[in-house]
Protein chains: 2
Amino acid sequence: MNPKDPNAGERPPRPVTAAMVARAAGVSTATVSLVANGKASGRVSERNVQKVRQAISDLGYVVDGIGSSLARGVSSTVIMVAPDISNPFFARLIAGVRKVLGSDYQLLLSVTDPGQSPSVPEVRRLLGLRPAGLLIDAPNRQFLSELGSPIPVVAIDAPDAPPQVPAVNLDVAQGARDMVEHFAGLGHRKVAYLDANTGTATLRQRQQAFTHAVHEHGMQLPEGAVIATTIDVGEAAAGFAAAWPQWQAQGITAIGCATDTHAYGVLQEARVAGLQLPDELAVAGFDDLPYSSTTNPPLTSINLDAEGLGSGAARQLRRLIEGEPLDASHLVLPGQLVVRGSTVAQA
Amino acid sequence: MNPKDPNAGERPPRPVTAAMVARAAGVSTATVSLVANGKASGRVSERNVQKVRQAISDLGYVVDGIGSSLARGVSSTVIMVAPDISNPFFARLIAGVRKVLGSDYQLLLSVTDPGQSPSVPEVRRLLGLRPAGLLIDAPNRQFLSELGSPIPVVAIDAPDAPPQVPAVNLDVAQGARDMVEHFAGLGHRKVAYLDANTGTATLRQRQQAFTHAVHEHGMQLPEGAVIATTIDVGEAAAGFAAAWPQWQAQGITAIGCATDTHAYGVLQEARVAGLQLPDELAVAGFDDLPYSSTTNPPLTSINLDAEGLGSGAARQLRRLIEGEPLDASHLVLPGQLVVRGSTVAQA
DNA sequence: CTGAAAGCGCTTACAG
DNA sequence: CTGAAAGCGCTTACAG
């Protein structure tokens with residue numbers, strides 16, 4: 001670590017093994033193992049602990065994860081399999097996971113092809129790495145029922161996970177109902193929905209609950225009032241721009257968006273079109289991304305706790321790994337409607 | 001894989017080992033190993049190959065990565081360490097890496113805290129996993145000089161990497177010069193620069209080369225004409241909105257942006273402010289993200305080959321891993337100015 | 001072409 | 001408290 005380290009930047013000759021440390025300290029590798037893993041107390045004399053510690057730091061010994069994993073049967077690695085990492089929601093999710101895993105487990109990400117649910121063979125290969133547990137983001141139901149993992153698995157954002165697969169989800173259906181109720185309370189009668197076309201379960205749920213709630217409230221979702229684009233401000237803007245003339249003619253005054261990203265596109269085009277928000281058009285989204293409080297106007301959104309989702313999933317996984325019982329196999333985190341200027345004129 | 005698999009969703013009793021396969025096929029584990037690793041040809045009789053293949057598929061055997069890694073000394077894992085994953089540029093980078101690694105190596109991501117260069121101890125722990133190689137995205141120079149890895153490492157987007165660390169970079173300086181020359185050719189005399197405040201070397205390079213080129217062309221970057229925000233459309237929009245009155249008063253007619261994301265913010269605010277682009281204001285960015293061709297107006301940008309960056313780095317790493325010589329330790333991929341409506345009125 | 005055996009680096013009963 | 005030894009699952013010279 002010393003910047004003047006003569007070895008800096010070069011290939012160290014060969015890695016330091018426990019045997020080398022044992023020799024240097026004059027003890028057995030068993031003792032080195034105990035000390036290196038913090039299991040020395042009460043089992044190794046203070047004198048030997050010191051000698052081993054000294055040798056470890058002198059030689060720069062790091063426990064070899066492979067040897068250790070083989071001996072123990074598992075590694076201290078947690079692998080998270082995720083289809084889509086390039087969005088701020090995911091970054092917050094990871095932050096939550098990392099927080100709970102701390103330094104006890106090493107988090108590694110395995111990215112599947114964009115928008116694809118992971119495949120069973122792919123995950124089986126990952127299993128060959130002997131992770132302590134697996135976190136699987138947005139898997140589809142079929143995958144989950146086919147997997148059958150020998151190690152603990154927790155699904156994230158998998159509302160359709162079978163009961164035997166622990167999962168932690170977001171209550172997006174309730175969020176959708178809250179959004180619709182909010183629109184209804186404001187007097188909107190005809191609404192539209194800007195969906196995401198990625199086909200994950202959480203997105204499907206949002207749309208279905210939205211549609212259902214609209215009818216329950218006696219409101220209308222006219223012909224052609226549900227369109228879908230990718231999760232991209234530009235695509236959403238273009239989609240809205242194309243649909244708006246007709247929607248306007250149909251008397252639509254409010255738009256629910258599957259994600260805040262979609263809503264940003266709507267806001268952008270609406271401002272360019274000179275629409276008065278929220279008077280002529282009300283817009284709301286899902287996710288409550290950080291920027292939603294500073295858009296113009298600020299965006300009404302369903303706050304979904306990405307970090308809580310990550311920490312919750314990691315917590316469940318730790319329980320499983322460590323053999324503790326789960327309070328519940330499926331956890332559902334509530335969302336929260338955050339009302340801002342895109343639906344209600346603010347002071 | 002059969003959906004009717006009675007084991008589906010349950011914990012398989014215990015993993016299948018090479019010894020079990022050997023017993024089932026009536027051969028030794030050595031033979032199983034040869035067949036399972038595709039090294040059988042010319043060394044195992046066709047008859048035994050068949051028997052082993054049969055047993056492998058009957059039992060669903062997968063080579064244990066841990067055992068294999070220990071025996072071989074390395075795993076077939078490539079770990080990519082990255083500070084910031086939540087942007088589309090990174091997704092394309094990954095795609096390039098995956099393409100070159102194919103199924104020969106398993107790509108795993110290790111995410112550092114947002115915006116942080118990885119730390120040496122962190123990476124040392126990763127080394128305990130015995131990866132075949134390491135890909136390190138946007139490391140700082142100090143990290144690189146301290147690391148001294150026993151395994152192949154390739155730095156990505158590290159223009160200040162020391163010569164002994166192979167790196168693949170983007171020629172952002174040339175890109176900045178091209179951008180400025182483009183502005184100059186259009187007759188702009190006073191320009192501004194909207195920087196990113198993340199402090200990575202590539203961003204620093206863009207800004208310095210831009211500034212330098214401005215002076216070389218006899219143009220001006222007036223007092224207060226360089227501001228910085230996070231890489232976020234909203235932040236950039238707000239930053240621009242706050243600065244524009246003064247910039248306008250100073251006679252600034254063109255803005256260079258450190259990333260397209262910044263430029264989107266400028267475009268957004270400019271349209272709202274009713275500015276005529278490109279007549280009253282010209283805007284250009286870096287990255288040429290997919291959406292840049294469909295903004296309104298389409299954005300002039302320096303196309304940086306994210307996928308090529310990923311595939312180039314992966315290719316270098318493979319060479320290193322496989323013991324082949326490198327053509328060059330440092331690779332620099334050219335950028336390309338793509339002129340669109342945000343700087344030049346289009347037909 | 002084949003299999004017995006050594007060895008990768010570690011952990012963990014076990015005997016002392 | 002301590003160390004010799006077995007064993008984790010695999011790969012690879014080696015002898016046949």
Does D/dG9 have OP1 or OP2 sitting under 4.0 Å from an N or O in the side chain of B/Thr17? no
Under 3.5 Å: donor-acceptor pair, side chain of B/Ser311, backbone of B/Glu307: yes
Applying the 3.5 Å cut-off to both distances, the Watson-Crick or G-U partner of D/dC14 turns out to be C/dG3
Could you tell me whether the side chain of B/Pro118 reaches within less than 4.5 Å of the side chain of B/Phe143, counting heavy atoms only? yes
Proximal nucleotide (of C/dC10, D/dT12, C/dG3) relative to the A/Tyr61 side chain: C/dC10
Look at the side-chain N and O atoms of B/Lys39 and state whether any lies under 4.0 Å from the OP1 or OP2 oxygen of D/dT11. no
Could you tell me whether the side chains of B/Glu46 and B/Gln50 share a donor-acceptor contact shorter than 3.5 Å? yes
Using a 4.0 Å heavy-atom cut-off, does B/Arg47 contact any base of the nucleic acid, only the sugar-phosphate backbone, or nothing at all? nothing
Please step through side chain to side chain contact (heavy atoms under 4.5 Å, CB included) for the pair B/Val81 and B/Thr112, ending with a clear verdict. CA-CA 7 Å; B/Val81 185; B/Thr112 61; 3.8 Å; yes
Quick one: which of D/dC10, C/dG3, C/dC10 gets closest to the side chain of B/Ala30? C/dG3
What contact category does A/Ala18 fall into here, base, sugar-phosphate, or nothing, at under 4.0 angstrom with non-hydrogen atoms? sugar-phosphate
Is B/Ser45 close enough to C/dT2 that one of its side-chain N or O atoms is under 4.0 Å from OP1 or OP2 there? yes
Distance, rounded to the nearest Å, where A/Glu46 contributes CD and D/dT2 contributes P: 11 Å
Mapping B/Leu34 and B/Gly67 onto DNA chain C by nearest heavy atom, which one lands closer to the 5' end? B/Leu34
When rounded to whole Å, the CD1 to C1' distance for the pair A/Ile66 and D/dT11 reads 14 Å
In whole angstrom, what separates B/Asn37's CG from D/dG9's P? 17 Å
Please state whether the phosphate of D/dT11, meaning OP1 or OP2, lies under 4.0 angstrom from any side-chain nitrogen or oxygen of B/Ser33. yes
Integer-rounded Å distance: D/dG9 C1' and A/Leu70 CG: 5 Å
Should B/Leu107 and A/Val111 be marked as a side chain to side chain contact (heavy atoms under 4.5 Å, CB included) after you check the CA-CA gap, both sets of side-chain angles, and the distance that decides it? CA-CA 8 Å; B/Leu107 178 67; A/Val111 183; over 6 Å; no
Counting only side-chain nitrogens and oxygens, does B/Ser69 get under 4.0 Å of the OP1 or OP2 atom of C/dC8? no
Does OP1 or OP2 of D/dG9 have a side-chain N or O of B/Ser68 closer than 4.0 Å? no
Rounded distance (Å) that lies between atom P of D/dC10 and atom CZ of A/Arg130: 8 Å
Heavy atoms from C-beta onward define the side chain here; which of D/dT2, D/dC8, D/dT11 lies closest to that of A/Ala71? D/dC8
Measure CG/B/Leu129 against P/C/dG9 and give the value in whole Å, please. 16 Å
Figure out the CZ/C1' separation between B/Arg72 and C/dG7, and round it to whole Å. 15 Å
After noting the C-alpha distance and the side-chain angles of A/Val16 and A/Val21, does the key distance pass the side chain to side chain contact (heavy atoms under 4.5 Å, CB included) rule? CA-CA 8 Å; A/Val16 179; A/Val21 175; 4.0 Å; yes
Which is true for A/Arg43 with a 4.0 Å heavy-atom rule: it touches a base, it touches only sugar-phosphate, or it touches nothing? base
